[in-house]
Amino acid sequence: MTDPDVELLERWRGGDEAAGNRLVRLHFSAVYRFFGNKIPEGVADLTQLTFLALVESRDRIEAHTGFRAYLLGVARHKLIHHLRGRYRTDAVFSPEHVSVLDIEADPGPSPTHRLAEDQERQLLDTALRSLPLDHQITLELYYWDEMSVAEIATVLERSPGAIKSRLFRARQLLAAQVERLARDPEPLLSRLEDELGSMRRPTVPPVPD
């Protein structure tokens, strides 16, 4: 059975603007949120570039991949390209080793940070953004977007086994950052996964016409 989102994409690629508008409305929030907790500005532009790349590409989406995973994989490539342009010219940018906070010491409050209800949420937001980029993405896709290991593997272009290992390692790294940042980390560490899953997502503006 063909994925209805893939059908919309193929119609859009064929010149059906109505199909394209429907597809953007269905997935605009997910793409905008993907960028929203990683960069202080340019979120709308990168979201637009992601959908533009989607319609301009002629890549086939395999049935086992799923449209959402394919879409966020395109978004990840756009994000890496954006961050690589802002990274130190004397170093190689690697999403497996470099965090968004490594690129700008003070990237400004993210939408999540501005909406944090208390200091613990603010601390957790900072800890999350201090992780290597692909570890941050892994946790957000798993806890916020409730994506499967197989879907995350598609986004990050890794095997499901590698994603399972990365989830474990990302949790370890997040706990270590919480311990480093918090004056009294034990209460937060004891409910870390619950807090991560319930964090407010970046605010998404209305879908542009």
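On a predicted model such as this, the values are computed, not experimentally measured, just so you know.
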Cationic N near anionic O, under 4.0 Å, [X] to [Y]:
X: D134; Y: R158; answer: no
X: E140; Y: K38; answer: yes
X: E157; Y: R76; answer: yes
X: D125; Y: R129; answer: yes

Please give me the minimum heavy-atom distance between [X] and [Y], naming the atom from each residue.
X: I39; Y: V43; value: CG1-CG2, 3.8 Å
X: E10; Y: R13; value: OE2-NH1, 3.2 Å
X: A170; Y: L131; value: O-CD1, 4.1 Å
X: E96; Y: P132; value: O-CB, 3.4 Å

For this session: Applying side-chain contact (heavy atoms from CB on, under 4.5 Å), run through H97 and L133 and close with a yes or a no.
Result: CA-CA 7 Å; H97 300 100; L133 178 62; over 6 Å; no
Would you compute the distance between atom [atom1] of [X] and atom [atom2] of [Y] and round it to the nearest 0.5 angstrom?
X: R169; Y: L167; atom1: CZ; atom2: CG; answer: 13.0 Å
X: R121; Y: L128; atom1: CZ; atom2: CG; answer: 12.5 Å
X: L49; Y: E56; atom1: CG; atom2: CD; answer: 9.5 Å
X: T138; Y: M147; atom1: OG1; atom2: CE; answer: 10.5 Å
X: L83; Y: S94; atom1: CG; atom2: OG; answer: 12.0 Å

For this session: Among D16, D3, L23, find the one that has a side chain to side chain contact (heavy atoms under 4.5 Å, CB included) with L9.
Result: L23
Close side-chain approach of [X] and [Y], heavy atoms under 4.5 Å:
X: L79; Y: F34; answer: yes
X: L26; Y: L8; answer: yes
X: W12; Y: V24; answer: yes
X: I152; Y: D145; answer: no
X: L72; Y: T50; answer: no
X: Y70; Y: V6; answer: no
X: T126; Y: L101; answer: yes
X: Y143; Y: E193; answer: yes

For this session: Please step through side-chain contact (heavy atoms from CB on, under 4.5 Å) for the pair L141 and E151, ending with a clear verdict.
Result: CA-CA 9 Å; L141 294 182; E151 288 177 309; over 6 Å; no
For this session: Just do the side-chain contact (heavy atoms from CB on, under 4.5 Å) check on W144 and L139 with the steps written out, would you?
Result: CA-CA 8 Å; W144 293 6; L139 289 177; over 6 Å; no
Exercise. What do you reckon, is CZ of R22 surrounded by more than 12 foreign heavy atoms closer than 6.0 Å?
Worked result: no
Exercise. Would you say R183 has more than 12 foreign heavy atoms packed within less than 6.0 Å of its CZ?
Worked result: no
Exercise. Checking D45 side chain against G42 main chain: does a donor-acceptor pair fall under 3.5 Å?
Worked result: no
Exercise. Judged by atom type as modelled, is there a donor-acceptor pair below 3.5 Å linking the side chain of S57 to the main-chain atoms of L54?
Worked result: no
Exercise. Do D5 and H27 have side-chain N/O donor and acceptor atoms under 3.5 Å apart?
Worked result: yes
Exercise. Between H135 and Q172, do the side chains contain an N or O donor and an N or O acceptor separated by less than 3.5 Å?
Worked result: no
Exercise. For A53, which residues count as a side chain to side chain contact (heavy atoms under 4.5 Å, CB included) partner, sequence neighbours excluded?
Worked result: V74, K78
For this session: Describe, in one word, how the ring planes of F28 and F51 are oriented to each other, choosing from parallel (under 30°), tilted (30 to 60°) and perpendicular (over 60°).
Result: parallel
Please table the atom pairs, donor to acceptor, closer than 3.5 Å between any side-chain atom in residues 173-182 and protein atoms at least two apart or in another chain.
unit_1 : atom_1 : unit_2 : atom_2 : d
Q177   : OE1    : S130   : OG     : 3.3
Q177   : OE1    : R180   : NE     : 3.0
Q177   : OE1    : R180   : NH2    : 2.8

Exercise. Do we get K164 above F168's six-membered ring, with its NZ or CZ under 6.0 Å from the centre and within 45° of the axis?
Worked result: no
Problem set entry | Axial cation check for Y142 ring with R171, 6.0 Å and 45° limits | yes
Exercise. What residues form a ring-ring contact (aromatic ring centres under 6.0 Å, His included) with H82, not counting sequence neighbours?
Worked result: none
Exercise. Please walk me through it: do L71 and V155 pass side-chain contact (heavy atoms from CB on, under 4.5 Å)?
Worked result: CA-CA 8 Å; L71 173 62; V155 175; over 6 Å; no
